[in-house]
Every structure is written in structure tokens, then in C-alpha cells.
Visitor: 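The structure under discussion is supplied below as C-alpha cells; questions concerning it will follow.
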Amino acid sequence: MIDVKFIRDNPDAVRASQTGRGEDASIVDQVIASDELRRVAIEKFEKLRAEQNVLSKSVGAAKGVEKTALLENAKELATAVKEADSKRAEAEEHTKGLVMKLSNLLDPDAPIGTEADFKVLEHVGTPRKFDFEPKDHVELGKLLGAIDTERGAKVAGSRSYYLTGSGALLEFALVNYAISMAVKAGFIPVIPPVLVNPAAMEGTGFLGQAAENVYRIEKDDVYLVGTSEVPLAAMHMDEVLSGDKLPMRYAGYSSCFRREAGTYGKDTRGIIRVHQFDKVEMFSFCHPDQAKAEHARILQWEKDFLNAMEIPYRVIDVASGDLGSSANRKFDCEAWIPTQDAYREVTSTSNCTEFQARRLNIRYKDADGTKAVATLNGTLVAIPRMIVAILENHQNGDGTVNIPKALQPFLGKERFELV
RNA sequence: GGAGGAUUCGCAUAGCGGCCGAGUGCGCACGCUUGGAAAGCGUGUAUAGGGCAACCUAUCGAGGGUUCAAAUCCCUCAUCCUCCGCCA
């Protein structure tokens, strides 16, 4: 949510941002008009209310005939106040509804365009040349007894899978490595709730365009989170953080649930796109002035992780039209997937500036007063995609897979063997 | 699932229709005092909105209602605590 005052003072900037995203810029003018009416309604109500407060006091003090007369007046006023109040509430709601439609302001450095207009920032590592025909992760997963998509489908439907044996152990190793890395970097490790209430979901912006991809448990009016970003961000909902404690960094480990509506036929093979997976997510609450620097730091931790996995990847600056509505800029790390002959997203980090915090009412207090914090998120490791990248990039001709050095202490061996 | 109790300014509490945006204690900040500190004394100590400002308005878990007037009365909901039941 963008600050209404900012919209009022900088309508052109907001319009430009909307246009850059390929979204409706006319909302800005609707907001300004609505805000005008809102302020008139507020003034009208407050004036009447002040009158009523005075009159009410005099009613209390008065006696007899005088009191009866005053009461007569007071009753009339009460009706007027009630009416003005509901008009005020209506105007406020209308304005807020419009403001909520606006996406976050774009970072001026973000590339403008649609999904395909991303900018490649760098390549790290070189895709490996195989002297044999590389197998894909589904095949390798079978040979290693690590991934079972057939039984996953039998028991839970499409896009479901079992991680077994080496696969399960690999998840534990990845999680352990990620968490120990995060703790070293000063993150507080968190195991958050994955079942959250509507306020948390709404506040983090997942009930807007992304709502289609969210699982909802109707009976209890709760949602299954698609990322621990939701419970991590909502953790400090309606709180005022002390300025000297910022940045506050959390690393959440949780299962993530995604309906994957509208992705029929996309990535149907294997575990690139699944309904449920585990992920370690970085989340930071920081000073708005620090957000850009913090974003760079989070990206660096993502790169450190991929470097440790010895996987070739590239970093892209996601184009305006492909940003989530909360993000003002987003970087994706895309790992090289040999059998797809392509780079595929494995991690992603977004700078949400104060947008999300304003919706969730998360502020910080320092000498200058109380203001909205900035929030940022980034994937440290999303298990299935990382497993895909590791299996495919580190496979040997016989189907065995070498374990990256960083993970070896967590697995007690150097190679995954065939079963 | 059933029965009770609770939710007030950072914390602990008072208040149970107008004198309450709200008292007290603790904490915190500043000042006085002191060689320095403690104690003591004094002052201050929420957030949001509207207004150029003086100032006004709203907020006592949330939302409705009654009333000229609600922290206070009524209803619904949420959370926490205790007891019973159930499960582990």
C-alpha cells in the first residue's frame, strides 16, 4: 500500500510506475478524487462531532425544562452525526480500496517491460559439457531411490512426490546447511505456522492477483501459506519495532503450498513445479533508507548458497511487468538445468520497501518518529528445485551423483549411489 | 466439545453511564539536588487522522447496538487463563 499523502504529492511518479508495470494508471486520479471527498467527509463529521461533544456536556449539567430543550437539540444532532459518520466511513473505505489496488512504486533501476524483458546481470560458473547423455532428475531420482513421483501422484495427485532415502537425506542436508549459514549471518531461525488467518494473507498481498494459487481451508477460514514470507512478515503485524534493533533478520523453514492454478501442462515432469515443498526463506525488516543495500546483501547470500552447491547460474533483474505487486525490484537466481538446456529460477529476492509494512501496520520508532519499516524477502533454498539442480549438474555417467563439498559433512559421504 | 474468568497508555493495575484520553505504581527521558551515585523532588512520557496554525477528531481486544452522552450497559467475534470431557 502506497502512502496516500505520497500519491497526493507525487501523482506523476505513481502514474509512471503503474504504466511501467503495464497496470492501470487511471487509478491514481481516482484515488486523488476520492481522497478529496474523503477529507471533506472527515471535516464535516469532525465538526459535527465536536458540536455534539459540547452539547452533550451541557445536557449533563442542565436540569428541568432547560434539559428537556437541550435534549431535543441533542437528538437531532445525534442523527446528523451518525449520518456524517457513516458517510465518512464509506469515503475512507472507498479511498483505501482504490489505494490498495495500486502496486508498489517501481525502483527506477528496474528494467521496464514484460516477462521477457529481464536483464541478465551476471553469469556465474559455466554449464558443464557432458561426455555422456545426461539424465534428467526424474530418471536420476529413480536410479538413486531419491524421488518417487509415481507414488506421489497415486497418493496425492499430480505435482506430488515422495522424497525417499537419498532424496530425504539431501533435503535435511540442504536445510541444515542453509540454516547454519543463515545463523552465521545473523538471522534468527524460525519455524513458523503454515496455516494462517486472512489478515496475514491479505496483509502480505497474497489475496490479490495471487489468490488463485492459495489453498484455503474454508471450514476454519485459514489459508495454507505458499511461502514462509507470509508468517514471517505477519509476525510483527501491528507492532512498533525499536529503530536500533533494525535490521531484524529471520530465516524461516517451512512447507509451502501452491495450487499452481493456470499452469496446466507447464513443467509437468518431475519436481520443478509442485503443490508442496519445503523452503528456507530469508526475511528482513529494515530502515527504508537501508532497503536497497539490504536487498544486495540478501542477493549475495543467495549467490553464496548456489556457489556452495557448485551450480552454474545467472542472476536476472526481473522486468517491471513480471514483478509481484509488493515488490519494487526483484532479482532471480536461475540455475543451469542441463537436460532442459536452460536456466531455471531457483531463488528470488524482492525489495518490498514500505509497501507490505504499511498494509501490515509494521513500524519502527527512532528519534525522528514512528514510520513504516521496509521489508525484504529472499529464498535461501527451495528444496525440490535445488535437488533438481544438484542431481542434474553433478551426475556421473552411471547415474551416481557427486555431493557438493559443502553438503558432504551433513551427509557423511561424497556421492549418492544407485539403489 | 462444555462451564467459568479475563482483555484499559512499555509493564502492573484503578475506573463499572457525563467530573475519563483515562488515575496510581513501576519503567523510561529531562531537570533540580549531590564531590559522584542512590534516594528525594519536579516535569514529561501512546497512536492515527484532519487543519497553515491555534486546535479538533478517533482509539480502553475487534465489530455492531442502546443512549443526548459508553472504558463503563447489550449482542457477536477473537485471544488468553482455570476446570471438566476428549485426544496424545
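These values consider heavy atoms only, across backbone and side chains, with no hydrogens, waters or symmetry-generated copies. To find a chain, count down the sequence lines: A is the first, B the second, and so on, and within it residues start at 1.
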Visitor: If we call it a pair only when both distances are under 3.5 Å in a Watson-Crick or G-U wobble match, what pairs with B/C80?
Guide: B/G5
Visitor: Which one, B/A69, B/G50, B/A48, comes nearest to the side chain of A/Ala78?
Guide: B/A69
Visitor: Hey, does the side chain of A/Lys75 come within less than 4.0 Å of B/C68's phosphate (OP1/OP2), counting only N and O?
Guide: yes
Visitor: Answer yes or no: does a side-chain N or O of A/Arg38 lie under 4.0 Å from OP1 or OP2 of B/G50?
Guide: yes
Visitor: Compare side-chain N and O positions of A/Lys44 against OP1 and OP2 of B/U57 and report whether any pair is under 4.0 Å apart.
Guide: no
Visitor: Mind checking the C1' distance from B/A69 to B/G18? Whole angstroms is fine.
Guide: 6 Å
Visitor: Taking side chain as C-beta onward, heavy atoms only, is A/Ile383 less than 4.5 Å from A/Leu170?
Guide: no
Visitor: Hey, does the side chain of A/Gln52 come within less than 4.0 Å of B/A69's phosphate (OP1/OP2), counting only N and O?
Guide: yes
Visitor: Determine the Euclidean distance between corresponding P atoms of B/A14 and B/A88; express it in Å to zero decimal places.
Guide: 42 Å
Visitor: Side-chain N or O of A/Asn53 versus OP1/OP2 of B/U57: is the shortest distance under 4.0 Å?
Guide: yes
Visitor: Kindly point out which of B/U57, B/A46, B/G49 is positioned nearest to the side chain of A/Ile42?
Guide: B/G49
Visitor: Can you find a side chain N or O atom of A/Arg39 that sits less than 4.0 Å from OP1 or OP2 on B/G51?
Guide: yes
Visitor: So what's B/U59 paired with, Watson-Crick or G-U wobble, going by both distances under 3.5 Å?
Guide: B/A46
Visitor: If you measure from the C1' atom in B/A29 to the same atom in B/U79, how many Å do you get, rounded?
Guide: 33 Å
Visitor: Between A/Thr370 and B/U47, does any side-chain N or O lie under 4.0 Å from OP1 or OP2?
Guide: yes
Visitor: Does a side-chain N-to-carboxylate-O contact under 4.0 Å join A/Arg297 and A/Glu294?
Guide: yes
Visitor: Looking at A/Asn361, does any N or O in its side chain come under 4.0 Å of the phosphate oxygens OP1/OP2 on B/A48?
Guide: no
Visitor: Do the side-chain N or O atoms of A/Arg49 get closer than 4.0 angstrom to the phosphate oxygens (OP1, OP2) of B/C56?
Guide: no
Visitor: Taking pairing as Watson-Crick or G-U wobble with both contacts under 3.5 Å, can you name the mate of B/A71, or confirm there isn't one?
Guide: none
Visitor: What is the base-pairing partner of B/U33, counting Watson-Crick and G-U wobble geometry with both distances under 3.5 Å?
Guide: none
Visitor: Is the shortest side-chain N/O distance from A/Lys365 to OP1 or OP2 of B/U45 below 4.0 Å?
Guide: no
Visitor: Does any nucleotide pair with B/A12 by Watson-Crick or G-U wobble geometry, both distances under 3.5 Å, and what is it?
Guide: B/U24
Visitor: For A/Asp85, is there an ion pair with A/Arg49 - N to carboxylate O distance below 4.0 angstrom?
Guide: no
Visitor: OP1 or OP2 of B/C20 sitting under 4.0 Å from any side-chain N/O of A/Lys57?
Guide: no
Visitor: Indicate whether any N or O donor in one side chain lies under 3.5 Å from an N or O acceptor in the other, for A/Glu302 and A/Thr347.
Guide: yes
Visitor: Does a nitrogen or oxygen in the side chain of A/Arg358 sit under 4.0 Å from OP1 or OP2 of B/A48?
Guide: no
